[in-house]
Visitor: 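Let me begin by handing over the structure; questions about it come next.
Below, chain A is the first sequence line, B the second, and so on; all start at residue 1.
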Amino acid sequence: MAYALQQLINGVSLGMIYGLIAIGYTMVYGIIGMINFAHGDIFMIGAFLSLIGLLLVTSGGMLDGAAAIVLVLALSMAFTALYGWTVERVAYRPLRGSFRLAPLISAIGMSIVLQNYVQVSQGARVKPIEPVVHGGFTLMQDGTFAVQLSTMQILIVVTTLLVLAVFTWLVTRTPLGRAMRACEQDRRMASLLGIDTDRTISITFVIGAALAAVAGTMYLLRYGVIDFYIGFLVGVKAFTAAVLGGIGNLPGAVLGGLLIGLIETFWSAYFSIQYKDVAAFSILILTLIFMPTGLLGRTEVEKV
Amino acid sequence: MSAPLLEIRDVSTFYGAVEALKGVSLTVAPGEIVTLIGANGAGKSTLLMTICGDPRARAGRVIFDGQDITEQPTHRIVRGGIAQSPEGRRVFPRMSVHENLLMGAQSSGINPAPGLEQVFTLFPRLKEREAQRAGTLSGGEQQMLAIARALMAQPRLLLLDEPSLGLAPLVSRQIFQAIRRLNAETGLTVLLVEQNANQALRLAHRGYVLVTGRITLSGTGRELLARPEVRDAYLGGH
Ligand SMILES: Nc1ncnc2c1ncn2[C@@H]1O[C@H](COP(=O)(O)OP(=O)(O)OP(=O)(O)O)[C@@H](O)[C@H]1O
Ligand SMILES: [Mg+2]
């Protein structure tokens, strides 16, 4: 019981990270109908920028604790957003209106470029950091097993919920969000109404990258080690989350992220930690076969 | 005659190798209602879309309010004061009626409140359905929404592609009346594409007949109504 509760806590905090990245996949799919395979690497870039930011901010002993984390997060979001914007501008926009597979191939190329770029500029070795966020609570003591809720896990959950709240407000309540949804539903009509659709698509990439940067920062702080390759595995899991939730559906991405995080955690805890990645891939395949529209995929009837 | 608000000069538009418009010229003066009639596939919708730069004219010029807009991006063209209720309605299905209307006013940056009041007076049905998802509206209601959304931008030139399509005769009459009233009261300029040539020619000051990408006839609404070739081809022998 206590053990299960602990897995639940771990699974949710991991799932939040997947959810944040999954939003980027699902948003881009919704608006231009492509799978942005470089998005996992944007997350990786976000983690590296956080690492660099953290070293800069803490090295001089200028700041520590909460202020440092907020500053690092903001820096990482800003610069990762710039990467997201550039990727779209350089690799996808010139191919708009080209054949359907072209941007997909370009995305795979972009993914390789980003990985190699980080590998060359930052080195291939694993980068560890000193734990930044310490402490936590013991929720429950069951014999020798103590259920721990770390400050870091609280931080992940609270930050993610805050970011999601702002993001939801942006998409559902603001003119920008409305323009994004309009482009998703009928891009040609959106431009007939005066929406600059190229700009709206750029902003979508910027927002997706900023969310991935939040995930990257949280990942770095929680696990303490990153390398240039983390984007691939985490990216595939987040993509699975997006598909499981129903690709194109924003709440679905978060739900899918939570489920993948929970499944992976419970799988590792009760079956086999070596095969934890297999769990995620199996879910991807099973979803694609049996439920291609995902959990929250569209079912409502529409007149066309 | 005053300078035209819209002038289309020798415009040709292609879909791939297919020439849908073959050197079309027409003008619309400020405050005019001009109608474009023609059979299915004549190129009427293509012409309205070409004005908005999507698809773009391959030859010829589109001049709006003295400015050459032929090469401008679509969103710039419409921000200049052109609104279109396009063929197929194209309401945003997963947005509410209210949000669809806000989209109409969004890029012009004008306060949507007076526009909302205006279109709700015109189409009280939309007021009742304000919170409903547009994708679940009936066909006729979607048509009303598409027209209302175009009006929300307070355009100087309104392009209407078959606004009476799918509407009950009573509602269709209401829409024609509404166009006439907007034109008389606010001086709104309208370029109207219609299958219902009889009603359209009665409403319009002038009209053009489009046959497979070419203008073959033009004149005042009354003149065209009297032409035997128009009666035979488009008025179903009424
Ligand atoms: N996207 C497209 N690709 C290729 N051909 C097209 C496309 N759109 C229209 N056409 C062709 O261009 C011609 C003109 O089409 P258009 O839609 O402008 O006709 P229309 O006069 O509006 O007809 P209707 O009264 O049926 O709406 C037609 O022959 C049509 O098949
Ligand atoms: Mg048409």
Visitor: Decide yes or no for B:I82 and B:P155: does some side-chain heavy atom of the first lie under 4.5 Å from some side-chain heavy atom of the second?
Guide: no

Visitor: Can you list the residues of residues 36-48 of chain B that sit under 4.5 Å from chain A, counting heavy atoms only?
Guide: none

Visitor: For chain A, find which of B:L102, B:N100, B:I77 contributes the most heavy-atom pairs closer than 4.5 angstrom.
Guide: B:L102

Visitor: Given a strict heavy-atom distance threshold of 4.5 Å, which part of B:M49 is in contact with chain A: side chain, backbone, both, or neither?
Guide: side chain

Visitor: Out of B:P73, B:P86, B:G104, return the one with the most heavy atom pairs under 4.5 angstrom to chain A.
Guide: B:P86

Visitor: Answer yes if the side chains of A:D41 and A:Y83 hold a donor-acceptor pair under 3.5 Å, and no otherwise.
Guide: no

Visitor: Does the pair B:R76/B:E71 count as a salt bridge with the N-to-O cut at 4.0 Å?
Guide: no

Visitor: Side chains of B:S164 and B:E194: is there a donor and an acceptor less than 3.5 Å apart?
Guide: yes

Visitor: Checking side-chain polar atoms at under 3.5 Å, does B:Q143 have a donor or acceptor matched by the opposite partner on B:R89?
Guide: no

Visitor: Can B:D54 and B:T74 be counted as having a side-chain donor-acceptor contact under 3.5 angstrom?
Guide: no

Visitor: Considering residues, nucleotides and ligands other than B:Q67, do more than 12 of their heavy atoms fall under 6.0 Å from its CD?
Guide: no

Visitor: For B:Q84, is it the side chain, the backbone, both or neither that has a heavy atom under 4.5 Å from a heavy atom of chain A?
Guide: both

Visitor: Who among A:I195, A:D196, A:T197 has the most heavy-atom pairs with chain B under 4.5 Å?
Guide: A:D196

Visitor: Is the closest side-chain donor-acceptor distance between A:R93 and A:S202 under 3.5 Å?
Guide: yes

